[in-house]
Every structure is written in structure tokens, then in C-alpha cells.
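Below is one structure, written out as C-alpha cells; comments come after it.
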Amino acid sequence: MKIVYFSVTGQTKRFAAKLASYETIEIDPTAELVMKEPYVLMVPTYEAEFIAPVFDFLETGENQKFLVGVSGSGNRNFAELFVFSAKEIAKKYGVPLIYAFEFSGTKEDVDNFEEEVRELERKTTMVRAQQ
């Protein structure tokens with residue numbers, strides 16, 4: 001499974017760089033990215049206009065079809081607004097919010113995130129086998 005991410009300040013990109021078990025792909029606002037396999041989306045917490053490239057990406061080709069989960073980064077000081085972008089995407093596209101981490105995450109966050117992705121891979125494989 002691939003991890004597709006968008007980063008505004010570099011925090012999400014730093015987290016993605018720590019992932020040893022998964023290929024990561026950054027959303028580049030100047031290039032079209034089309035996915036042909038299941039992926040997890042990782043987004044920072046910002047108002048929609050700041051992460052507009054994420055929504056453009058999700059509306060490109062069949063990218064929505066292959067989205068299987070979302071993860072978010074943010075600042076816990078924002079209380080109920082912590083990872084609200086990821087929560088909104090999960091709700092809008094009907095996928096689970098699999099993990100939330102603060103800033104660029106810790107080693108424990110990386111380990112926990114990778115375990116959540118592995119679990120999602122198992123579930124995705126089981127669903128495909130039943131179809």
C-alpha cells in the first residue's frame with residue numbers, strides 16, 4: 001500500500017520521510033497524480049483553501065475509488081480542531097481515520113501508524129478476496 005501525503009509547512013513531509021515500510025508520494029500542486037491502487041492519504045490540519053491540492057487530487061481520475069484510509073497531523077492545543085482536515089476527508093469520502101499525530105510525529109507514532117496501515121492492508125485484502 002502506498003502513502004500519499006500533502007505538506008504545507010514540512011511537518012507531514014518529515015513524518016512521511018520516517019516511514020520505512022511504505023512508499024510515500026507527495027501531492028504536488030503543479031502535477032497531476034493518478035492512483036491505480038489502494039492508498040492511505042495523510043494530510044495536515046488547515047482550512048480547505050490551504051489544502052485545496054488535496055481535494056483536487058481526490059477529484060482526479062479514480063483517486064477516490066482507491067482511497068482506503070486517512071491520517072492527519074496537527075497541534076493538540078487546538079482541542080476539537082485537532083486533525084479536523086483528516087476528519088472531514090474521512091467523513092466526506094467514507095473512509096476511516098486510521099491515525100492522528102502531532103506535528104511531525106514521534107518514533108512511537110511512526111510505529112503505530114505503520115501498524116494501522118498493515119491492519120488496513122489485511123482488511124482490504126480480505127474484502128477483495130470475498131468479491
Side-chain angles (χ1 to χ4, degrees):
M1 180 156 323
K2 293 198 170 45
I3 310 301
V4 176
Y5 71 93
F6 184 69
S7 191
V8 175
T9 64
Q11 297 280 17
T12 309
K13 185 174 191 162
R14 282 190 283 283
F15 184 87
K18 297 175 191 178
L19 300 174
S21 301
Y22 295 96
E23 179 183 346
T24 60
I25 304 167
E26 185 172 11
I27 295 172
D28 177 350
T30 65
E32 183 176 88
L33 174 60
V34 177
M35 298 302 294
K36 298 289 185 188
E37 63 189 280
Y39 68 93
V40 170
L41 178 65
M42 195 167 27
V43 296
T45 301
Y46 284 97
E47 293 291 331
E49 62 266 14
F50 289 102
I51 61 166
V54 172
F55 295 104
D56 293 342
F57 162 74
L58 287 167
E59 298 300 323
T60 297
E62 294 184 306
N63 289 348
Q64 286 179 52
K65 174 182 167 183
F66 293 106
L67 175 65
V68 296
V70 65
S71 177
S73 67
N75 183 331
R76 293 186 193 279
N77 288 338
F78 296 134
E80 70 276 353
L81 295 178
F82 176 62
V83 301
F84 80 85
S85 298
K87 291 175 185 175
E88 288 296 316
I89 290 169
K91 183 178 175 182
K92 180 176 180 177
Y93 294 96
V95 296
L97 173 64
I98 65 163
Y99 198 74
F101 57 94
E102 192 168 30
F103 304 120
S104 61
T106 64
K107 167 86 170 88
E108 183 178 358
D109 287 321
V110 170
D111 293 344
N112 291 339
F113 173 81
E114 288 186 342
E115 180 54 37
E116 291 297 325
V117 173
R118 279 190 290 280
E119 181 61 26
L120 195 54
E121 281 179 309
R122 284 190 283 275
K123 289 177 184 175
T124 302
T125 301
M126 286 175 34
V127 168
R128 278 201 200 134
Q130 294 172 352
Q131 294 177 344

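In this text the structure is predicted, and so the values were computed from the model without any measurement.
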For the residue pair E114 and S21, confirm or rule out a side-chain donor-acceptor distance under 3.5 Å. yes

Side chain of K13, backbone of E26: donor and acceptor closer than 3.5 Å? no

For atom CZ of F55, decide whether the heavy atoms of other residues, nucleotides or ligands shown that lie under 6.0 angstrom number more than 12. yes

Test item: T45 side-chain N/O and S73 main-chain N/O as donor-acceptor pair under 3.5 Å: yes

Check: D109 main-chain N/O paired with N112 side-chain donor or acceptor under 3.5 Å: no

Please report the shortest heavy-atom distance between A86 and L97, naming the atom on each side. CB-CD1, 3.7 Å

Hey, are the side chains of V68 and V95 touching, using non-hydrogen atoms and a 4.5 Å cut-off? no

So, does K87 use its side chain to make a donor-acceptor pair with the main chain of F82 at under 3.5 Å? yes

Counting neighbours of CD on E59 that are heavy atoms of other residues, nucleotides or ligands and sit closer than 6.0 Å, is the number greater than 12? yes

Report yes if the side chains of V4 and L67 come closer than 4.5 Å at any heavy-atom pair, otherwise no. no

Is there side-chain contact between L19 and V117, with at least one heavy-atom pair below 4.5 Å? no

To the nearest 0.5 Å, atom CD of E47 lies from atom CG of L81 at 8.5 Å

Interatomic distance, E102 atom CD to N75 atom CG [nearest 0.5 angstrom]: 5.0 Å

Could I get the full list of ring pair (Phe, Tyr, Trp, His ring centres under 6.0 Å) partners for Y99, not counting sequence neighbours? none

Check Y5, Y39, F6 against F57 for a ring-ring contact (aromatic ring centres under 6.0 Å, His included) and give me the one that passes. Y39

Is there side-chain contact between R14 and S7, with at least one heavy-atom pair below 4.5 Å? no

Report yes if some heavy atom in the side chain of T60 is under 4.5 Å from a heavy atom in the side chain of L33; otherwise report no. no

Is there a side-chain contact between V54 and I27 in this structure, where contact means two heavy atoms from C-beta onward sitting under 4.5 Å apart? yes

Ignoring hydrogens and angles, tell me if any N or O in the side chain of E121 forms a donor-acceptor pair with the backbone of M1 under 3.5 Å. yes

Taking the side chain as everything from C-beta on, heavy atoms only, tell me whether F78 gets closer than 4.5 Å to F84. no

Close side-chain approach of V83 and F101, heavy atoms under 4.5 Å: no

Mark yes or no for whether S85, through its side chain, and Y46, through its backbone, hold a donor-acceptor pair below 3.5 Å. yes

Lys/Arg N to Asp/Glu carboxylate O, R118 vs E115, below 4.0 Å: yes

